[in-house]
Amino acid sequence: MERLQKVIAHAGVASRREAEKMIQAGRVKVNGNVVRELGTKVATKDQIEVDSIPIYKEEPVTYLFYKPDGVVSTVSDDKGRKTVLDYFNKVEQRIYPIGRLDYHTTGVLLLTNEGELANGLMHPKSEVEKVYVAKVEGMPTNADLEPLRRGLMIDGRKTAPAKVTLLKNKAAKKNATVQITIHEGRNRQVRKMFEAIGFPVKRLTRTRYAFLTTENLTPGEFRPLVKKEIDALKRLTKKN
């Protein structure tokens with residue numbers, strides 16, 4: 001189920017804000033009945049009309065994208081920076097990212113026009129695993145990394161326990177490579193976790209989202225998910 005104004009916006013009829021005005025003005029019908037309440041949710045099978053014209057419902061699509069460095073994980077940017085959607089200018093559907101990777105973080109990012117799938121994957125109860133490889137300043141020991149495994153306070157809240165593996169220490173360059181697996185999606189979470197233990201991140205890549213990786217892709221490339229992959233993602237969302 002998705003909010004009515006969001007479905008109208010995804011169909012390309014109007015922006016979400018304009019769609020809300022249309023609903024309040026009584027210009028929208030669901031299954032033949034005028035709907036004026038903004039919180040109304042609709043299912044795929046519902047028939048939606050705007051000004052008595054049935055809206056076109058987009059084909060559901062989901063893409064796996066290898067996000068490069070220096071790209072914003074939003075549909076637009078008021079600072080004029082490059083966004084992930086700049087790589088999808090030949091895709092007709094109105095897709096958007098499922099969660100975000102920060103400006104300098106690279107790796108696996110999913111984009112979709114399926115609101116129910118996106119909301120389900122981002123719901124905390126789904127506990128979707130996200131695996132990152134971080135290059136950090138300094139050479140932490142396993143003992144130094146233990147607070148990450150137990151959970152630690154960032155932004156006034158304790159993180160869930162993470163799986164952490166020290167991959168290598170480079171004494172000559174005074175840095176290390178660490179793999180960390182989390183299932184939360186808080187803002188700049190991995191970077192803040194390493195900062196909290198005194199080993200700031202120099203480079204960060206998300207190597208896996210659930211079971212999906214960037215295998216056979218280079219930065220800036222993407223591929224559509226096949227039905228088997230989408231079905232598997234949807235099963236993950238059933239936890240909530």
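For clarity, every value in this text was computed on a predicted model and none was experimentally measured.
Atom CG of L64 sits about 11.5 Å away from atom CD of E221, to the nearest 0.5 Å. To the nearest 0.5 angstrom, L111 atom CG is 4.5 Å from F88 atom CZ. With rounding to the nearest 0.5 angstrom, the CD1 atom of I48 is 8.0 Å from the CG atom of N31. Once rounded to the nearest 0.5 Å, the distance linking CZ of F194 with CZ of R188 reads 13.5 Å. Summarising the geometry, atom CG belonging to L109 is positioned 7.0 Å from atom CZ belonging to F65; distances are rounded to the nearest 0.5 Å. Going from atom CE of M193 over to atom OG1 of T159 covers 4.0 Å, rounded to the nearest 0.5 Å.
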Pair D46, L4 - check side-chain contact (heavy atoms from CB on, under 4.5 Å), show working.
CA-CA 10 Å; D46 289 325; L4 179 57; over 6 Å; no

Are T40 and E37 close enough, and set up right, to give a side chain to side chain donor-acceptor pair (under 3.5 Å), and what steps lead you there?
CA-CA 6 Å; T40 300; E37 189 175 337; 4.8 Å; no

Please walk me through it: do M153 and K158 pass side-chain contact (heavy atoms from CB on, under 4.5 Å)?
CA-CA 4 Å; M153 297 295 291; K158 191 174 183 179; 3.6 Å; yes

Verdict with supporting geometry, D155 and R186, salt bridge (charged side-chain N to carboxylate O under 4.0 Å, His left out):
CA-CA 10 Å; D155 298 331; R186 293 154 63 176; 5.2 Å; no

List the steps, then state whether salt bridge (charged side-chain N to carboxylate O under 4.0 Å, His left out) holds for R17 with E20.
CA-CA 5 Å; R17 184 170 296 179; E20 290 174 352; 5.7 Å; no

Where do K163 and E129 land on the side-chain contact (heavy atoms from CB on, under 4.5 Å) test, with the steps shown first?
CA-CA 10 Å; K163 300 174 186 176; E129 281 197 345; 2.7 Å; yes

Report the C-alpha distance between T83 and D86 in whole Å, list the side-chain angles of each, state the deciding distance to 0.1 Å, and finish with yes or no for side-chain contact (heavy atoms from CB on, under 4.5 Å).
CA-CA 6 Å; T83 77; D86 289 328; 3.8 Å; yes

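In this structure, the side chain of K67 engages the main chain of D102 through a donor-acceptor pair within 3.5 Å. A donor-acceptor pair is defined here as one N or O able to donate and one able to accept, closer than 3.5 Å; such a pair exists between the side chain of R94 and the backbone of A9. Side chain of T214 to backbone of G107: no donor-acceptor contact under 3.5 angstrom is found. Here the side chain of E116 pairs a donor or acceptor atom with the backbone of M1 at under 3.5 angstrom. In this structure, K29 contributes its side chain and S52 its backbone to no donor-acceptor pair below 3.5 Å. In this structure, R235 contributes its side chain and T237 its backbone to no donor-acceptor pair below 3.5 Å. Under the 3.5 Å distance criterion, the side-chain polar atoms of E184 are matched with a main-chain donor or acceptor of A160.
Counting heavy atoms from C-beta outward, H183 and V128 have side chains that stay 4.5 Å or more apart. By the 4.5 Å heavy-atom criterion applied to side chains, P97 and L85 are not counted as neighbours. Looking at N175 and E137, their side chains never come closer than 4.5 Å, going by heavy atoms from C-beta outward. At a threshold of 4.5 Å between non-hydrogen side-chain atoms, the residues I230 and K227 do not count as touching. Counting heavy atoms from C-beta on, the side chains of R223 and E229 come closer than 4.5 Å. Residues K6 and R16 are in side-chain contact: their nearest non-hydrogen atoms beyond the backbone lie under 4.5 Å apart. Counting only heavy atoms from C-beta outward, the side chains of L233 and L110 approach each other to under 4.5 Å. Side-chain contact between L121 and T112: absent, with no pair of heavy atoms (C-beta onward) separated by less than 4.5 Å.
Partners of E49 according to the side-chain hydrogen bond (donor to acceptor under 3.5 Å, both in side chains) rule, which considers only residues two or more places apart in sequence or in another chain, do not exist here. Applying the side-chain contact (heavy atoms from CB on, under 4.5 Å) test to D69 and every residue at least two apart in sequence or in another chain returns H104, T106.
Under the 4.5 Å side-chain heavy-atom criterion for Ile, Leu, Val, Met, Phe, Trp and Tyr, I55 and V61 are members of distinct hydrophobic clusters. The hydrophobic cluster containing L166 also contains I197, counting ILVMFWY residues as joined when their side-chain heavy atoms lie under 4.5 angstrom apart, directly or transitively. Follow the hydrophobic side-chain contacts under 4.5 Å out from I98 and you never reach V75; the two are in separate clusters. Cluster membership for L101 and V190, using ILVMFWY side-chain heavy atoms within less than 4.5 angstrom, is shared. Under the 4.5 Å side-chain contact rule for hydrophobic residues, V133 and F199 do not share a cluster.
For the pair V72 and R81, the tightest heavy-atom approach, listed with the atom from each and the gap, is CG2-NE, 3.6 Å. Nearest heavy atoms, L152 versus A196: CD1-CB, 3.4 Å. Shortest non-hydrogen contact noted between R191 and L204 is NH2-CB, 3.8 Å. The shortest non-hydrogen separation linking N169 to G138 is OD1-O, 4.5 Å. Listed here is the closest heavy atom pair of I182 and A162: CG2-CB, 3.9 Å. For P140 against V136, the heavy-atom pair with the smallest separation is CD-CG2, 4.1 Å.
Aromatic rings of Y87 and F222 (six-membered ring for Trp) have centroids beyond the 6.0 Å cut-off, not under it.
Side-chain contact, D77 with T74: no donor N or O sits under 3.5 Å from an acceptor N or O.
Using a cutoff of 4.0 Å between basic side-chain nitrogens and carboxylate oxygens, E195 and K192 are not scored as salt-bridged.
Heavy-atom neighbours of E92 CD from other residues, nucleotides or ligands within 6.0 Å: at or below the threshold of 12. When the shell of 6.0 Å around CZ of R208 is examined, it contains more than 12 heavy atoms from other residues, nucleotides or ligands.
If you run side chain to side chain contact (heavy atoms under 4.5 Å, CB included) between Y132 and each of T207, I180, T181, only I180 comes through.
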